[in-house]
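Note that the structure is a prediction, hence the values are computed from the model and not measured.
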Amino acid sequence: MSGKKLTCLGCGQVNRVPVDKLASGPKCGTCGAKLISSKVIEIDLATLQKAARNDDLPLVVDFWAPWCGPCRQMAPQFQQAAQDLNGQVRLVKLNTEDHPQASRTYGIRGIPTMATFAGGREKARQSGAMPASAIVNWVRKSI
């Protein structure tokens, strides 16, 4: 059976989803969580590393912290971009205050910083708050 590999952002299980089922809201075979959602999901470093390494659908990560004003300002814009890009990529957030090792691992020097992962590698990076339309354009160019 061919399909796309997607890591469940809830339990970390890698799932294989037939391509023709991607648009119909596939769920994790282990925990039942949605694998593709129009909502931004908060993840931890281990889940990011697993998804970045295994997933066939590009992953866009917003590295942020709750004390960061530009991060808080960009949050609704990032959510709007997730709705606009639903099914094409998955947008997630990683709190660098809760997971400081992520900043060291990925060399994050300023927040907010977005990074796109595809094919097991980081493809692009952008720092600074952006409106939803600019996020969507940047993601489309980076994948």
Over 12 foreign heavy atoms within 6.0 Å of NZ, Lys27
no

To the nearest 0.5 Å, how far apart are SG in Cys8 and CD1 in Ile43?
11.5 Å

For Ile108, give me all partners under side chain to side chain contact (heavy atoms under 4.5 Å, CB included), at least two apart in sequence or on another chain.
Phe63, Ser103, Tyr106, Ile111, Thr113, Arg125

Given 3.5 Å as the limit, does a donor-acceptor pair link the side chain of Gln77 with the main chain of Ala132, or not?
yes

Do Leu59 and Val89 touch side chain to side chain, with heavy atoms closer than 4.5 Å?
no

Less than 4.5 Å apart, side chain to side chain, heavy atoms only: is that true for Leu85 and Val139?
yes

Looking at residues at least two apart in the chain, or sitting in another chain, which of them share a salt bridge (Lys or Arg N to Asp or Glu O under 4.0 Å) with Lys4?
none

What distance do Thr96 atom OG1 and Leu45 atom CG have between them, rounded to the nearest 0.5 Å?
11.5 Å

What are the two closest non-hydrogen atoms of Ala82 and Ser38, and how far apart are they?
CB-O, 3.5 Å

Provide the closest heavy-atom pair for Lys39 versus Gln79 in the form atom of the first, atom of the second, distance.
CA-NE2, 3.5 Å

Taking every non-hydrogen atom, the tightest pair across Glu97 and Trp67
OE1-CD1, 2.5 Å

Is the backbone of Lys5 close enough, under 3.5 Å, to the side chain of Arg16 for a donor and an acceptor to pair up by distance?
no

Apply the test salt bridge (Lys or Arg N to Asp or Glu O under 4.0 Å) to residues Asp55 and Arg90: give CA-CA distance (whole Å), side-chain angles for both, the deciding distance (0.1 Å), then the verdict.
CA-CA 10 Å; Asp55 286 8; Arg90 296 196 295 173; 2.3 Å; yes

Tightest non-hydrogen contact, residues Leu9 and Ala51, listed as CD2-CB, 4.5 Å

Between the CG atom in Leu91 and the CZ atom in Phe78, the distance rounded to the nearest 0.5 Å is 4.0 Å

Hey, what do you get for CH2 (Trp138) to CE (Met130), rounding to the nearest 0.5 Å?
7.5 Å

Side chain proximity check, Pro26 to Ile36, heavy atoms < 4.5 angstrom:
yes

Is a side-chain donor or acceptor of Glu122 paired with a backbone partner of Thr116 at a separation under 3.5 angstrom?
no

What do you reckon, is NZ of Lys123 surrounded by more than 12 foreign heavy atoms closer than 6.0 Å?
yes

Do the side chains of Asn95 and Pro66 get nearer than 4.5 Å, heavy atoms only?
yes

Leu94 with Val40, same ILVMFWY side-chain cluster at under 4.5 Å
no

Indicate yes or no: at least one non-hydrogen side-chain atom of Asn15 is less than 4.5 angstrom from one of Leu35.
yes

To check you understand the geometry: which heavy-atom pair defines the closest contact between Pro112 and Ala129, and what is its length?
CG-N, 3.7 Å

In the structure I gave you, are the side-chain heavy atoms of Asp62 and Met74 within less than 4.5 Å of one another anywhere?
yes

Check whether any side-chain heavy atom of Val61 lies under 4.5 Å from a side-chain heavy atom of Phe117, and answer yes or no.
yes

For the residue pair Asp84 and Arg140, what are the closest heavy atoms and their distance?
O-NH2, 4.1 Å

Return the CD1 to NZ distance between Ile41 and Lys34, rounded to the nearest 0.5 Å.
9.5 Å

Rounded to the nearest 0.5 angstrom, the CE-NZ distance for Met114 and Lys93 is 10.0 Å

Evaluation steps, side-chain contact (heavy atoms from CB on, under 4.5 Å), between Val14 and Lys50:
CA-CA 9 Å; Val14 177; Lys50 190 170 190 179; 3.7 Å; yes

